[in-house]
Amino acid sequence: MTQRIGVFPGSFDPVHNGHVDLIERARRLFDVLYIAVLYNEQKQALFSVEERIDLLRDLVGDSGECRVESFSGLLVDYARERNATAVVRGLRSGADFDYELPMTLMNRRLAPGIDTIFLLPAPEWIYLSSRLTKEVGSLDGNLSGVVPPVVLEALRRKLG
C-alpha cells in the first residue's frame, strides 16, 4: 500500500494556534506529514530557521508520521523529493485564496502529480497570522491562548 505523504509549508515565524490547528487536522489526512519551514534569506525573520524547527518539534514531535524540516527553493521540488502527493495550505480569507491560486496553478504545471489541499482554520483562529502575532508581542500585548506556551516563552525571551 502506498503511503499518503503531505507537505505543510510555511514560515512559522512564530508558530501560532492557527498553525497548530491546521497541523493536527492535516496529520489525520496523511500517513506522513512534513512540516516544511521555509528558509528565505530575503525575509527578515524574528526566529531563526533552527529556532522555528525546534519550536515545532516541541509542539508536534518529529517522528515517523510527522517530520519537521526546513527547505528553500521551489516547494514542488521539495515535495517531489519527499514523494508527497499533496501540499496543504491554510486559507483565512478570500485574499488568501487570491494569493494562493496563482501559486497553486504554477505548482500544478510544474508538478502535475502533486495536488494542493486548502484547509480553513477553526473559527477561533481565522484572524491569526504570524505578522499580527509578532506585532502584538512587540507591543507587549497579551498573547496567552493565541500561541502555545512554549512559543509564548520564546517570544518573551526574544522580544524582551
Side-chain angles (χ1 to χ4, degrees), residues 2-40 43 45-47 49 52-53 55-71 74-80 82-137 141-152 154-155:
T2 303
Q3 281 192 315
R4 295 168 299 158
I5 300 172
V7 173
F8 181 47
S11 64
F12 305 105
D13 185 42
V15 61
H16 52 68
N17 287 343
H19 292 133
V20 174
D21 173 59
L22 293 174
I23 290 167
E24 292 303 318
R25 292 177 33 236
R27 285 174 88 162
R28 294 191 302 257
L29 300 175
F30 300 99
D31 300 310
V32 177
L33 179 67
Y34 286 91
I35 301 168
V37 179
L38 175 63
Y39 171 72
N40 182 349
K43 206 171 183 185
L46 178 62
F47 290 96
V49 169
R52 289 178 268 161
I53 288 172
L55 288 169
L56 282 159
R57 285 180 176 160
D58 284 348
L59 293 168
V60 301
D62 190 33
S63 62
E65 76 277 344
C66 191
R67 301 174 190 165
V68 182
E69 299 180 345
S70 67
F71 82 101
L74 288 175
L75 173 60
V76 291
D77 289 343
Y78 173 83
R80 196 179 358 248
R82 301 300 177 281
N83 295 313
T85 57
V87 169
V88 176
R89 298 295 293 159
L91 292 180
R92 295 166 299 181
S93 67
D96 282 352
F97 180 78
D98 290 342
Y99 175 80
E100 293 289 340
L101 181 61
M103 288 189 300
T104 298
L105 295 173
M106 180 57 80
N107 287 343
R108 182 181 290 171
R109 180 172 177 77
L110 295 172
I114 300 175
D115 288 319
T116 299
I117 297 172
F118 295 112
L119 293 177
L120 299 175
E124 60 267 29
W125 310 125
I126 203 129
Y127 66 93
L128 278 181
S129 70
S130 292
R131 183 199 54 76
L132 182 60
T133 301
K134 285 186 284 198
E135 185 176 330
V136 170
N142 182 1
L143 292 173
S144 297
V146 173
V147 297
V150 67
V151 176
L152 185 59
L155 279 166

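Keep in mind that the numbers below use all heavy atoms, side chains included, and drop hydrogens, waters and symmetry copies.
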Nearest 0.5 Å, what's the [atom1]-[atom2] distance between [X] and [Y]?
{"X": "D98", "Y": "S93", "atom1": "CG", "atom2": "OG", "result": "8.0 Å"}
{"X": "D96", "Y": "L101", "atom1": "CG", "atom2": "CG", "result": "12.5 Å"}
{"X": "D31", "Y": "T2", "atom1": "CG", "atom2": "OG1", "result": "9.5 Å"}
{"X": "I117", "Y": "L91", "atom1": "CD1", "atom2": "CG", "result": "12.0 Å"}
{"X": "C66", "Y": "L59", "atom1": "SG", "atom2": "CG", "result": "10.5 Å"}

Discussion item. Could you work out, with side-chain contact (heavy atoms from CB on, under 4.5 Å) as the rule, every residue matching R80, not counting sequence neighbours?
Written reply: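 side-chain contact (heavy atoms from CB on, under 4.5 Å) check on R80 returns V76, D77, A111, I114.
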Fill in: With I5 via side-chain contact (heavy atoms from CB on, under 4.5 Å) - residues at least two apart
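So I5 forms a side-chain contact (heavy atoms from CB on, under 4.5 Å) with Q3, V32, Y34, N83, A84.
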Minimum heavy-atom separation for [X] to [Y], with atom names?
{"X": "V88", "Y": "F30", "answer": "CG2-CE1, 3.6 Å"}
{"X": "V87", "Y": "A79", "answer": "CG2-CB, 4.4 Å"}
{"X": "T133", "Y": "P14", "answer": "CG2-CG, 3.8 Å"}

The criterion is side chain to side chain donor-acceptor pair (under 3.5 Å); which residues satisfy it with [X], sequence neighbours excluded?
{"X": "R131", "result": "E135"}
{"X": "N142", "result": "S144"}
{"X": "E65", "result": "R27, S63"}

Between the main-chain N or O of [Y] and the side-chain N or O of [X], is there a donor-acceptor pair closer than 3.5 Å?
{"X": "S11", "Y": "L38", "result": "no"}
{"X": "R52", "Y": "F47", "result": "yes"}
{"X": "R67", "Y": "I35", "result": "no"}

Determine all donor-acceptor pairs shorter than 3.5 Å in which one atom belongs to a side chain in residues 15-25; sequence neighbours excluded.
from	atom 1	to	atom 2	distance (Å)
H16	ND1	G18	N	3.0
H16	ND1	H19	N	3.4
N17	ND2	G145	O	2.8
N17	ND2	V146	O	3.3
H19	ND1	H16	N	3.1
D21	OD2	R25	NH1	2.9
D21	OD2	A122	N	2.8
R25	NH1	L120	O	2.8
R25	NH2	L120	O	2.9

Fill in: Any residue meeting ring-ring contact (aromatic ring centres under 6.0 Å, His included) with F71, in chain and number order, not counting sequence neighbours
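For F71 the ring-ring contact (aromatic ring centres under 6.0 Å, His included) partners, ignoring immediate neighbours, are Y78.
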Item to complete: Give a yes or no on this: more than 12 heavy atoms of other residues, nucleotides or ligands lie within 6.0 Å of atom CZ of F97.
Response: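 Open: at most 12 neighbouring heavy atoms sit under 6.0 Å from CZ of F97.
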Discussion item. Is it true that, when you exclude M106 itself, more than 12 heavy atoms of the residues, nucleotides or ligands shown sit nearer than 6.0 Å to its CE?
Written reply: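 No - once you tally the heavy atoms of other residues, nucleotides and ligands closer than 6.0 Å, there are 12 at most.
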Worksheet entry | All pairs passing side chain to side chain donor-acceptor pair (under 3.5 Å) where residues 99-121 contributes a residue, at least two apart |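 Of all non-adjacent pairs touching residues 99-121, those that pass side chain to side chain donor-acceptor pair (under 3.5 Å) are R89-E100.
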Item to complete: Provide the full list of salt bridge (charged side-chain N to carboxylate O under 4.0 Å, His left out) pairs with a residue in residues 116-129, sequence neighbours left out, each pair given once.
Response: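 Checked against salt bridge (charged side-chain N to carboxylate O under 4.0 Å, His left out) - neighbours excluded - no pair reaches residues 116-129.
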Discussion item. Under the salt bridge (charged side-chain N to carboxylate O under 4.0 Å, His left out) definition, can you give me all pairs with a residue in residues 8-17, not counting sequence neighbours?
Written reply: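 The answer is D13-K134.
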Practice prompt. List the steps, then state whether side-chain contact (heavy atoms from CB on, under 4.5 Å) holds for F12 with I53.
Written response: CA-CA 9 Å; F12 305 105; I53 288 172; over 6 Å; no
